[in-house]
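Structure first, then comments.
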Amino acid sequence: MAANPQSALSGFARALVQHGRISEADAIACTPRDAEGANAFMLEIAQRGLLSAAAMARFAADTFGYPLVDIAAFDKATFSIDAVDRKLMQKHQVVALAKRQNRITLALADPSSMRALDEIRFQTGMQLDLVVAEADKLKRVVDGLSESASETLKELTGDDFDMDLLNQEAPGEAQAEEESSNDVDDAPVVRFIQKVLIDAINEGASDVHFEPYEKYYRIRVRTDGTLREIAQPPLVLKEKIAARIKVISRLDISEKRVPQDGRMKLVLSKNKAIDFRVSTLPTLHGEKIVMRILDPSSAMLGIDALGYEPDQRKALLDAIERPYGMILVTGPTGSGKTVSLYTCLNLLNKAGVNISTAEDPAEINLPGINQVNVNEKAGLTFAASLRAFLRQDPDVIMVGEIRDLETAEISIKAAQTGHLVLSTLHTNDAPTTLERLKNMGVAPFNIASSVILITAQRLARRLCSCKKPADIPIEAMLEAGFTVEDLDGSWQPYAPVGCERCKDSGYKGRVGIYQVMPISEEIAHIIMTGGNSMDIAAQAEREGVRDLRKSGLLKVRQGVTSLEEVLATTNE
């Protein structure tokens with residue numbers, strides 16, 4: 001007898017399914033693999049737009065019979081934060097609102113989490129009076145109750161966090177430098193860097209900037225494509241901060257005259273680690289350091305989470321299921337090309353498939369894929385890597401970027417000889433990608449016979465749940481690209497507002513805007529007969545391929561993003 005799939009769901013998830021609030025498939029998809037993290041399921045449901053955090057809180061309160069509170073309205077100074085161990089508070093996302101005699105009033109998002117309640121009862125030895133709070137607000141409060149940057153994080157994270165736990169041991173020279181530099185091991189500096197990185201990860205940032213200037217030192221993080229200042233530590237710490245980061249990134253701390261590139265790993269738990277790509281740059285007033293946060297889980301989101309429309313998703317999946325040919329992803333730096341490529345590779349990553357990648361450098365580590373970092377100085381170029389791959393019995397090859405004719409020709413030869421090749425180019429849209437290949441010197445026949453699909457993409461900021469209906473003049477809508485038929489009154493555009501959740505920006509997260517263009521026989525004919533990108537674009541439009549602007553306008557109709565964001569993102 002087959003097991004009931006609902007038995008694998010948490011009590012709260014099962015209740016949502018049984019009451020028809022979400023489908024069983026959605027509940028399973030949103031259930032985290034790691035059993036820890038009481039409200040991770042709710043945050044995922046809200047992120048996917050299936051139910052708001054407020055709606056889930058009301059449902060939990062009504063279903064399980066506990067009071068509903070707005071935890072954001074409480075004075076945090078009145079919380080009994082020492083009543084519950086801080087590791088348990090972070091792990092289960094709970095807050096002790098009050099403590100009286102042998103009872104604790106505990107705010108949590110999922111009152112059905114027996115494991116969390118049992119652990120807290122065992123740790124405190126007290127009775128629990130439960131109240132329900134919204135998962136997103138609760139997360140902000142718990143994060144805010146974490147110790148300040150000038151205090152230790154060791155008590156908060158305990159053995160689950162080790163800043164110096166790297167994939168490999170640091171070379172002896174770096175270790176000697178670290179041991180000989182007592183000021184680098186200054187405990188407040190170590191704790192400060194730890195706090196900054198943890199906060200950046202929790203916020204979903206992509207980059208952390210450490211920037212020295214003549215009169216001050218600032219730290220900024222890039223979240224959803226926008227830089228925001230988070231701290232201004234004392235200027236005298238700039239050398240110690242730079243030295244500490246360089247030591248753990250295995251860089252030469254004595255070299256301050258030339259840029260350096262390094263890498264480090266931050267182990268958050270037994271099952272989660274975050275890689276950082278570190279870049280230093282000598283400036284007038286010291287070394288600027290930028291740390292790119294490389295979260296491997298971004299490649300595990302699945303193609304449904306990237307924002308492809310159903311027809312675009314089908315075209316892409318059909319292409320990657322073909323045994324040979326070339327798939328190109330194009331767009332500017334920071335448009336999400338790497339995540340798109342790795343999402344495709346993750347779908348192809350099976351025991352019977354040999355996948356090799358050449359990148360500069362490899363940003364996301366995926367087990368089961370043979371990844372190579374190109375090294376121009378050592379002669380390990382993209383072209384040299386490709387030649388080596390072809391002698392390694394490959395099924396799928398991914399080239400980080402086609403930069404020159406030699407790389408393009410070897411990639412095309414591989415695509416024509418029974419291999420699936422994925423790569424990127426820096427062009428504005430899909431049709432101009434084909435013209436770029438011709439301008440590089442690739443023969444039109446080789447382009448037409450090898451390229452099977454091109455995806456152009458941009459990243460637009462996703463509207464936060466605090467969005468409001470926008471009153472946009474019809475003339476502006478028409479000028480943006482909407483047709484008269486589109487403006488039939490059946491949908492409502494939205495505008496950003498700003499709240500605590502989105503830090504008053506009005507946007508939370510990002511969504512992809514895509515132009516997915518399969519290479520049809522007609523487009524191939526245009527390529528071989530000397531047609532230009534305008535001819536290709538016209539034919540693609542006749543075949544129903546939406547350009548980036550039209551794909552963006554579709555996201556406006558769906559209420560995912562704002563018109564102003566689409567105009568800014570797709571302004572060619």
Side-chain angles (χ1 to χ4, degrees), residues 308-309 311-332 335 337 340-341 344 358 382-383 386 389-390 394 396-458 513-551 570 572:
Y308 286 95
E309 300 300 329
D311 58 328
Q312 296 174 334
R313 183 171 63 248
K314 182 180 184 303
L316 181 59
L317 291 176
D318 289 346
I320 66 174
E321 288 173 0
R322 292 175 63 170
Y324 60 89
M326 178 181 284
I327 298 172
L328 295 172
V329 180
T330 182
S335 60
K337 299 189 297 295
S340 293
L341 283 175
C344 293
F382 281 117
L386 276 169
F389 289 166
L390 293 176
V396 179
I397 295 172
M398 195 271 270
V399 186
E401 183 184 349
I402 295 178
R403 297 176 179 173
D404 51 51
L405 177 59
E406 186 182 14
T407 306
E409 287 184 333
I410 299 173
S411 300
I412 285 175
K413 185 182 295 183
Q416 291 172 332
T417 55
H419 307 93
L420 185 64
V421 180
L422 289 74
S423 189
T424 70
L425 274 174
H426 287 284
T427 55
N428 286 331
D429 57 16
T432 56
T433 303
L434 297 170
E435 192 163 8
R436 170 75 186 281
L437 288 173
K438 285 201 298 183
N439 292 338
M440 290 173 67
V442 181
F445 174 79
N446 284 334
I447 299 173
S449 61
S450 60
V451 180
I452 57 177
L453 180 134
I454 301 174
T455 296
Q457 64 183 74
R458 301 288 188 275
I513 296 175
Y514 302 94
Q515 179 186 25
V516 180
M517 187 179 81
I519 307 302
S520 63
E521 292 183 5
E522 291 76 12
I523 292 178
H525 179 74
I526 293 173
I527 297 168
M528 288 188 290
T529 55
N532 58 30
S533 60
M534 295 179 65
D535 300 325
I536 297 170
Q539 177 61 33
E541 186 175 2
R542 286 192 290 271
E543 294 176 4
V545 175
R546 288 183 296 276
D547 61 21
L548 288 166
R549 174 59 62 84
K550 290 182 179 177
S551 294
T570 61
E572 304 298 347

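Quick note: residue numbers are just sequence positions, from 1.
For Thr407 against Ile402, the heavy-atom pair with the smallest separation is CG2-CA, 4.3 Å. Closest non-hydrogen pair, Ala358 versus Phe382, comes out as O-CE2, 3.2 Å. Closest heavy-atom contact between Gln312 and Val516: CB-CG2, 3.6 Å. Between Gly331 and Lys337, the closest heavy-atom pair is O-NZ, 3.0 Å. Across Tyr308 and Arg313, no two heavy atoms sit closer than the pair O-NH1, 3.6 Å. Taking all atoms of both residues into account, the shortest heavy-atom contact from Leu548 to Ala456 is CD2-O, 3.6 Å.
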Evaluate the side-chain contact (heavy atoms from CB on, under 4.5 Å) criterion for residues Gln515 and Thr330: first the C-alpha distance (whole Å), next the side-chain angles of each, then the deciding distance (0.1 Å), finally the verdict. CA-CA 10 Å; Gln515 179 186 25; Thr330 182; over 6 Å; no
Does Leu386 form a side-chain contact (heavy atoms from CB on, under 4.5 Å) with Val421? I'd like the steps, not just the answer. CA-CA 10 Å; Leu386 276 169; Val421 180; 5.7 Å; no
Mind running side-chain contact (heavy atoms from CB on, under 4.5 Å) on Ser423 and Met326 for me, showing each step along the way? CA-CA 8 Å; Ser423 189; Met326 178 181 284; 5.7 Å; no
Full working for side-chain contact (heavy atoms from CB on, under 4.5 Å) between Cys344 and Leu422: CA-CA 9 Å; Cys344 293; Leu422 289 74; 3.9 Å; yes
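Residues Val451 and Thr433 have side chains not in contact (no heavy-atom distance under 4.5 Å, counting atoms from C-beta outward). Residues Lys413 and Leu390 fail the side-chain proximity criterion, which asks for heavy atoms closer than 4.5 Å. Gln539 places none of its side-chain heavy atoms less than 4.5 Å from the side chain of His525. Annotation: side chain of Pro431 is in contact with side chain of Met517 (closest heavy-atom distance under 4.5 Å). Residues Leu420 and Glu321 form no side-chain contact, since every pair of their non-hydrogen atoms from C-beta on lies 4.5 Å or further apart. Within the 4.5 Å cutoff, the side chain of Leu328 has no heavy atoms near those of the Arg436 side chain. Looking at heavy atoms from C-beta onward, Ile523 lies out of side-chain contact with Pro518 at the 4.5 angstrom threshold.
For the atom pair Leu316 CG and Ile327 CD1, the distance stands at 6.5 Å (nearest 0.5 Å). Note: Ile410 CD1 to Ile397 CD1 = 10.0 Å, rounded to the nearest 0.5 Å. Rounding to the nearest 0.5 angstrom, the gap separating the CG atom in Leu437 from the CG atom in Leu405 is 10.0 Å. Atom-to-atom distance recorded for Ile527:CD1 and Asn446:CG is 11.5 Å, nearest 0.5 angstrom. The distance from the CG atom of Leu341 to the OG1 atom of Thr455 is 9.0 Å, given to the nearest 0.5 Å. Atoms OG1 and CG, from Thr570 and Asn428 in turn, are 11.5 Å apart once rounded to the nearest 0.5 Å.
Between Ile519 and the choices Ile454, Ile452, Leu453, the side chain to side chain contact (heavy atoms under 4.5 Å, CB included) rule is met once, by Ile454.
Using a cut-off of 4.0 Å between Lys/Arg side-chain N and Asp/Glu carboxylate O, Glu541 and Lys550 are scored as salt-bridged. Electrostatic pairing of Asp318 and Arg322 does not count as a salt bridge here, judged by no charged N lying under 4.0 Å from a carboxylate O.
Checked by atom type and distance alone, the side chain of Glu435 pairs as donor or acceptor with a backbone atom of Ser533 at under 3.5 Å. With hydrogens and angles disregarded, no donor-acceptor distance shorter than 3.5 Å links the side chain of Ser551 to the backbone of Ile513.
Counting non-hydrogen atoms of neighbouring residues, nucleotides and ligands closer than 6.0 angstrom, the CD atom of Glu522 exceeds 12 such neighbours. Within 6.0 Å of NZ in Lys438 there are more than 12 heavy atoms belonging to other residues, nucleotides or ligands.
Checking Gln416 against Ser449 by side-chain atom types alone, a donor-acceptor pair falls below 3.5 Å.
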